[in-house]
Amino acid sequence: MSPSLRSRVRQAETSLLVGPTLLWFTVLLLFPLGVILYYSFLTYSSFSVIHEFTLEAWRTSVFDETVYDVFVRTLTIGATVTVVTLLFGYPLAYFLRFYMSQTGGIVLLLFLVIPFWTSGVIRTLGWYPVLGRTGVVNKLLVSSGLLQEPLGWLLFSPFSQIVGYLQNYVVFMAAPIYISLAQIDPDLLDASETLRGNPLATFRHVTWPLSLPGVVIGSIFVFVLSIGNFTVPQFLSGGESTITTLIYLSVNSGLNYPAASALSIALLVVIFAFVYGLTRLVDITEISQG
């Protein structure tokens, strides 16, 4: 086979392998995003969209002081949920990696996926009989004599939001971290012990740096999913809005697609900035090279 023919065959093979993925990416991601971006510059009037270009949706829906406060609240929730999930997910992944067998760790990690067999709405509403004023937690505290009256802040509060997010997303944090920890060469840990490094020093200088790709991937998962979640702020926040609830209300209350599109694009820009910043700090491709 001549070099030119061999080159054409390789190009054809590459096209056949990459073509379906590129088509899928274009049709199901780039094209819908293009439509949303297009609608964000259209004119809205009386429950209808007029195909006349304007910046009104951006001015009233994104660059507005009230919406700015909602953006700050949404990002604060996302950052808080990410940190709390990391505090719970990292010890969980560490325990499954170093105190369980490989098979046992994977099996127990998969058990965290079982709640996803039910609807997200059901998982969220399931906290009502647990955290409500007449729920299980308050009844136990009152009946045991620890409290004279039920706690009102357990439900419809920032606490209940964090609990709802934690239940949904701890597996998205623990799984990538577990994969990173599983790829650490045990000889490195033995070398640290040989050099008289105590467990804290070994974790600080060996385990933690080598697990950072998993931490970053888990943080991206949790942050993106939490600021885009609708059910938790809708049912557990007690009325506080996030960007996702504003998007829902824009469409559900007045069919204001330009406003919803503008908010969606703005939120997407924030997500891209967050992901770009984290991937510049840590090379997440290392997790695929282990």
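We're numbering straight along the sequence, starting at 1. Because the structure is predicted, anything quoted here is derived from the model rather than measured.
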Please check if [X] and [Y] belong to a single hydrophobic cluster, counting links between Ile, Leu, Val, Met, Phe, Trp and Tyr side chain heavy atoms closer than 4.5 Å.
X	Y	value
V251	I50	no
L151	L140	no
V224	L29	no
L33	V275	no
V269	F272	no

Tell me, do [X] and [Y] make a side-chain contact under 4.5 Å, heavy atoms counted?
X	Y	value
V130	W127	yes
T54	L42	no
N229	V81	no
N256	P258	yes
H205	S192	no
V270	L75	yes
L281	V216	no
D64	R59	no

Inset, instruction - Apply the test side chain to side chain donor-acceptor pair (under 3.5 Å) to residues T242 and T244: give CA-CA distance (whole Å), side-chain angles for both, the deciding distance (0.1 Å), then the verdict. - result: CA-CA 5 Å; T242 61; T244 52; 2.9 Å; yes

Inset, instruction - Using the six-membered ring wherever Trp is involved, compare the ring planes of F230 and Y248 and label them parallel, tilted or perpendicular (cut-offs 30° and 60°). - result: tilted

Atom [atom1] of [X] and atom [atom2] of [Y]: how far apart are they, to the nearest 0.5 Å?
X	Y	atom1	atom2	value
S45	E52	OG	CD	9.5 Å
S250	L255	OG	CG	10.5 Å
S226	I162	OG	CD1	8.5 Å
L263	L268	CG	CG	12.5 Å
L131	W153	CG	CH2	9.5 Å
T124	F235	OG1	CZ	7.5 Å

Spell out, as yes or no, whether a donor-acceptor pair under 3.5 Å connects the side chain of [X] to the backbone of [Y].
X	Y	result
S237	Q234	no
N198	A201	yes
T85	V170	no
S180	G214	yes
T245	S241	no

Inset, instruction - Please list all pairs passing the salt bridge (charged side-chain N to carboxylate O under 4.0 Å, His left out) test where one or both residues lie in residues 130-149, with sequence neighbours left out. - result: none

Legend entry - Test: R123 cationic atom under 6.0 Å from F116 six-membered ring centre, within 45° of axis: yes

Measure across [X] and [Y] and return the closest heavy-atom pair with its distance rounded to 0.1 Å.
X	Y	answer
L236	S160	O-OG, 2.7 Å
Y39	S261	CB-OG, 3.4 Å
T231	V121	CG2-CG2, 3.8 Å
F203	P209	O-CD, 3.9 Å
T279	I220	CG2-CD1, 4.3 Å
P32	V27	CD-O, 3.2 Å

Legend entry - side chain to side chain contact (heavy atoms under 4.5 Å, CB included) against F221, all qualifying residues, sequence neighbours excluded: F172, P176, I217

Inset, instruction - List the steps, then state whether side chain to side chain contact (heavy atoms under 4.5 Å, CB included) holds for V84 with T80. - result: CA-CA 6 Å; V84 172; T80 303; 4.2 Å; yes

Inset, instruction - Dump the intermediate steps for side chain to side chain contact (heavy atoms under 4.5 Å, CB included) on F41 and W58, then the final yes or no. - result: CA-CA 8 Å; F41 293 105; W58 288 88; 3.5 Å; yes

Legend entry - Stepwise side chain to side chain contact (heavy atoms under 4.5 Å, CB included) check, V62 with I265: CA-CA 10 Å; V62 177; I265 295 298; over 6 Å; no

Centroid separation under 6.0 Å, is that true for the rings of [Y] and [X]?
X	Y	value
Y128	F156	yes
Y257	Y44	no
Y38	F53	yes

Going by atom type alone, with no hydrogens or angles, which donor-acceptor pairs under 3.5 Å involve a side-chain atom of residues 90-112 and a protein atom two or more places apart or on another chain?
unit_1, atom_1, unit_2, atom_2, d
Y90, OH, S211, OG, 2.7
R97, NE, L181, O, 2.9
S101, OG, G104, N, 3.1

Inset, instruction - Output, in order, the C-alpha distance, side-chain angles, deciding distance and verdict of side chain to side chain contact (heavy atoms under 4.5 Å, CB included) for I227 and I77. - result: CA-CA 7 Å; I227 67 175; I77 290 174; over 6 Å; no

